[in-house]
Amino acid sequence: MDKVLTVAKVVAPILAAILLGVYARRKAVISPEGNRGLQQFVMKFGLPCVLFTSCLTADLDAGALSSMAMVFPLMLCSALWALRRGKKRFPYHNLPMLFAAQETGMLGIPLFMILFGADQAYRMGMLDLAQLPVACPIIAMLSADTGEDPTPGAIAKKTLTSPILLMSLAGLALNLTGAAAWLDGVGLGGILRETTSFLAQPVSAAILFSVGYNFSLSGDRRVAVFRVAGLHFALQMVFCLIVQAGLLLVPGVEPATRWAVLIYCTLPTSFLAPSLGRTEEDASVAAGVCSVLTVVCMVIFSVVTVMVV
């Protein structure tokens, strides 16, 4: 009974935040513009502060770096398959984005923080950085020649100058160069960490609320949605086994790194995918895939919570 209550303390707040998001959309408590504003706060201010603080204080180990190194080629192969062969089976313009990136920012990092704390968020953040060189070209390619949409160069520049990436790199730079220790020595380190930690506090609840707000599953294209979602999930499970096997060769891998890999591989595909579609069908199928995989992720996360807590 104690175990059940302990797990419920972790899972209940997550479900509450998601269900409140669903309720807010159905009852029009918050407008789509309001939800986008909430997302903007998270992505431009809250989440960058989370990753900055985490990277600033991270004790980077071989396991975290090795998992990052293995994720990049696997996601690259996945995206290339979707570009060259996948579209023959699933002729959707934005299909490559469904296989190029996991939703670490909007979901993976908050879930990982709930179980392991904000100071360990860098383990998931490293995996997010690993998929960035794959996601950027795919975003640029899919956004090309779409009328009012930005050029590929503008998309790539926007991605590479995103607050999440820049703050992560800033935290790593201060950490690895020893500047963080110097800041602590002159009394500024504590002020910096307290400020960024304060701004990071609402991130998890805000992101999960937004996930619920955007939840959708169109019935018209349900067969295609489940086929693509099933393929994505199966592929990620293979990737998970490969990375976990590779980590066996690295001495002293922290258990938190292995859990980060598992959670990463169970995440839904990037929530950006629906917006990169050129037709209503493209967007609808991508939104449905994101929704199905979000449900699967939450079920698996509940099981992981039982094992970790």
Side-chain angles (χ1 to χ4, degrees), residues 10 14 43 47 50-51 54-55 58 60-79 82 97-136 138 164-165 168 172 203-204 207-208 211 229-248 250 253-273 289-290 292-305 307-308:
V10 175
I14 296 173
M43 302 306 290
L47 192 54
V50 169
L51 290 174
S54 184
C55 290
L60 298 175
D61 54 48
L65 295 174
S66 298
S67 63
M68 178 182 180
M70 285 185 279
V71 161
F72 168 71
L74 291 173
M75 294 305 292
L76 179 60
C77 291
S78 175
M97 194 60 200
L98 294 171
F99 292 88
Q102 302 288 86
E103 189 48 67
T104 50
M106 287 289 287
L107 194 58
I109 292 172
L111 292 181
F112 191 76
M113 285 169 51
I114 288 170
L115 288 182
F116 296 96
D119 61 320
Q120 296 294 310
Y122 71 91
R123 297 183 188 275
M124 186 66 72
M126 298 290 282
L127 301 181
D128 188 39
L129 291 177
Q131 68 182 10
L132 189 63
V134 179
C136 284
I138 293 296
I164 291 176
L165 175 63
S168 297
L172 285 172
V203 165
S204 295
I207 289 177
L208 293 169
V211 169
L231 180 60
H232 177 278
F233 181 76
L235 193 61
Q236 287 299 321
M237 290 301 97
V238 172
F239 288 175
C240 183
L241 291 175
I242 292 173
V243 178
Q244 297 288 7
L247 290 176
L248 292 175
V250 181
V253 175
E254 293 289 333
T257 295
R258 292 189 176 278
W259 287 117
V261 171
L262 176 61
I263 293 174
Y264 172 84
C265 290
T266 61
L267 291 173
T269 186
S270 171
F271 291 159
L272 182 62
V289 170
C290 290
V292 169
L293 292 175
T294 297
V295 173
V296 173
C297 174
M298 294 310 303
V299 171
I300 295 176
F301 179 77
S302 298
V303 176
V304 169
T305 301
M307 300 172 67
V308 173

Are any non-hydrogen side-chain atoms of [X] and [Y] less than 4.5 angstrom apart?
X: Ser67; Y: Met126; answer: no
X: Gln102; Y: Thr266; answer: no
X: Val243; Y: Tyr264; answer: no
X: Val261; Y: Met70; answer: no
X: Met237; Y: Cys265; answer: yes
X: Val253; Y: Arg258; answer: yes
X: Phe301; Y: Leu115; answer: yes
X: Tyr122; Y: Leu172; answer: no

By ring pair (Phe, Tyr, Trp, His ring centres under 6.0 Å) - contacts of Phe112 (at least two apart):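 Partners of Phe112 under the ring pair (Phe, Tyr, Trp, His ring centres under 6.0 Å) test: Phe116.
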
Please list all pairs meeting salt bridge (charged side-chain N to carboxylate O under 4.0 Å, His left out) that have one or both residues in residues 121-133, counting only residues at least two apart or in different chains.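 Only Asp61-Arg123 qualify under salt bridge (charged side-chain N to carboxylate O under 4.0 Å, His left out).
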
Checking Thr294 side chain against Cys290 main chain: does a donor-acceptor pair fall under 3.5 Å?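 Answer holds: yes.
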
Is the side chain of Glu103 donor-acceptor paired with the backbone N or O of Phe271 at a distance under 3.5 Å, no angle test?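 Flag set: sc Glu103 to bb Phe271 pair under 3.5 Å.
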
Once rounded to the nearest 0.5 Å, what's the spacing between atom [atom1] of [X] and atom [atom2] of [Y]?
X: Leu235; Y: Leu98; atom1: CG; atom2: CG; value: 12.0 Å
X: Cys77; Y: Ile242; atom1: SG; atom2: CD1; value: 9.0 Å
X: Phe99; Y: Ser270; atom1: CZ; atom2: OG; value: 13.0 Å
X: Thr257; Y: Leu127; atom1: OG1; atom2: CG; value: 8.5 Å
X: Ser204; Y: Leu111; atom1: OG; atom2: CG; value: 8.0 Å
X: Ile138; Y: Leu76; atom1: CD1; atom2: CG; value: 8.5 Å

Heavy atoms only: give me the nearest Gly63-Val250 pair and the separation to one decimal.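 It is N-CG1, 4.1 Å.
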
For a quick test of reading the model, state the closest non-hydrogen atom pair linking His232 to Pro268 and the distance between them.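 Shortest heavy-atom separation between His232 and Pro268 comes out as CE1-C, 4.5 Å.
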
